[in-house]
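Structure, as structure tokens:
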Amino acid sequence: MRLRRKAGALRLEITDAEATLLAGLLDDFADALAQPDPDDPVTQRLYPDGYTDDQDAAREYRELVESDLRAERIGRLQACRAELVAGGGRVTLDAEAIDRWLRVLNDLRLALGTRLGVTEEAELDDSQPAVQIYSWLTAVQDMLVMQVLS
């Protein structure tokens with residue numbers, strides 16, 4: 001993946017393999033969000049309790065906001081998925097799209113990192129495909145952040 005800034009927008013050149021990987025990740029993640037398991041650590045990571053010392057308040061808060069947060073998250077995933085070019089190619093992102101992609105990449109990293117048990121102290125096995133995908137998502141997110149900050 002290559003990034004280039006042009007006239008206030010970012011142009012991403014995505015290979016076929018990268019587009020296929022991202023499409024699969026976005027589709028799988030959207031499916032998982034559509035049927036959340038409240039006991040799943042990924043669900044708990046993406047939707048933490050609003051109150052940690054009051055279970056009734058936490059449940060009430062969750063009932064009030066979680067479905068809206070999930071709908072927003074799925075909407076961002078679908079928008080990013082729609083921007084991917086089958087077979088790879090150029091994707092042009094304006095400021096709103098950059099923000100959306102950064103949020104989606106962060107959500108993907110949180111979900112995958114939770115599954116992998118990523119912590120500051122964890123030593124990950126780089127030979128595992130899931131770890132390689134996590135590292136790649138981190139690099140892509142970092143490239144976008146660096147372009148935004150430059």
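Connection of Leu69 to Leu64 is established within a shared hydrophobic cluster, with ILVMFWY side chains joined at heavy-atom distances below 4.5 Å, either directly or through further cluster members.
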Q.
I'd like to know whether Trp136 forms a side chain to side chain contact (heavy atoms under 4.5 Å, CB included) with Leu21, so could you lay out the CA-CA distance, the side-chain angles of the two residues, the decisive distance to 0.1 Å, and finally the verdict.
A. CA-CA 11 Å; Trp136 181 73; Leu21 176 60; 3.8 Å; yes
Q | CA sep, side-chain torsions, deciding dist, call: Glu60, Tyr51, side chain to side chain contact (heavy atoms under 4.5 Å, CB included) | A | CA-CA 10 Å; Glu60 198 171 306; Tyr51 300 90; over 6 Å; no
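For the side chain to side chain donor-acceptor pair (under 3.5 Å) test, residues two or more places apart in sequence or in another chain that qualify with Arg90 are Glu13. Residues meeting the side chain to side chain contact (heavy atoms under 4.5 Å, CB included) test with Gln147, sequence neighbours left out: Leu3, Arg5, Leu10, Ser150. When the side chain to side chain donor-acceptor pair (under 3.5 Å) test is applied to Asp16, the partners found at least two apart in sequence or on another chain are Thr20. Legend: residues meeting side chain to side chain donor-acceptor pair (under 3.5 Å) with Arg103, ordered by chain and number and at least two apart, are Asp99. With sequence neighbours excluded, the residues satisfying side chain to side chain donor-acceptor pair (under 3.5 Å) with Thr15 are Glu18. Under the side chain to side chain contact (heavy atoms under 4.5 Å, CB included) criterion, Asn106 pairs with Arg109, Leu110, Gln141, not counting sequence neighbours. In this structure Glu96 satisfies the side chain to side chain contact (heavy atoms under 4.5 Å, CB included) test together with Asp94, Arg100, sequence neighbours excluded. Residues forming a side chain to side chain contact (heavy atoms under 4.5 Å, CB included) with Asp56 (at least two apart in sequence, or on another chain): Asp54, Arg59.
The distance from atom CG of Leu12 to atom CG of Leu144, rounded to the nearest 0.5 Å, is 6.0 Å. In this structure, the separation between CG on Leu46 and OG1 on Thr114 is 7.0 Å, given to the nearest 0.5 Å. Here the CG atom belonging to Leu77 is positioned 6.0 Å from the CZ atom belonging to Phe29, to the nearest 0.5 angstrom.
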Could you go through residues 122-129 and list every donor-acceptor pair under 3.5 Å that involves a side-chain atom there, pairing it with any protein atom two or more places apart or in another chain?
from	atom 1	to	atom 2	distance (Å)
Asp125	OD1	Ser127	N	3.0
Asp125	OD1	Ser127	OG	2.6
Asp125	OD2	Ser127	OG	3.1

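Under a 3.5 Å cut-off, the side chain of Gln44 and the backbone N or O of Pro38 do form a donor-acceptor pair.
Here the closest non-hydrogen pair linking Leu108 and Leu25 is CD2-O, 3.9 Å. Shown here for Ala19 and Ile14, the closest heavy-atom pair between the two residues is N-CG2, 3.4 Å. Taking every heavy atom of both residues into account, Val104 and Cys80 meet most closely at CG2-SG, 3.8 Å. Here the shortest heavy-atom pairing between Leu84 and Ala23 reads CD1-N, 3.6 Å.
Residues Arg73 and Arg76 have side chains in contact (heavy-atom distance under 4.5 Å, counting atoms from C-beta outward). Taking 4.5 Å as the limit, every side-chain heavy atom of Thr92 sits out of range of all side-chain heavy atoms of Lys6. In this structure, Glu66 and Tyr61 have side chains that are not in contact, with every pair of non-hydrogen atoms separated by 4.5 Å or more. Considering only heavy atoms from C-beta on, Leu112 stays 4.5 Å or farther from Val131 through its side chain. Two residues are said to be in side-chain contact when any heavy atoms from C-beta on lie closer than 4.5 Å; Leu22 and Leu137 meet this criterion.
Within the structure, no pair that satisfies the salt bridge (Lys or Arg N to Asp or Glu O under 4.0 Å) test touches residues 127-150, not counting sequence neighbours. Within the structure, every pair that satisfies the salt bridge (Lys or Arg N to Asp or Glu O under 4.0 Å) test and touches residues 20-30, not counting sequence neighbours, is listed here: Asp27-Arg81. Pairs passing the salt bridge (Lys or Arg N to Asp or Glu O under 4.0 Å) check and including a residue from residues 30-50, sequence neighbours excluded, read Asp40-Arg115, Asp49-Arg62.
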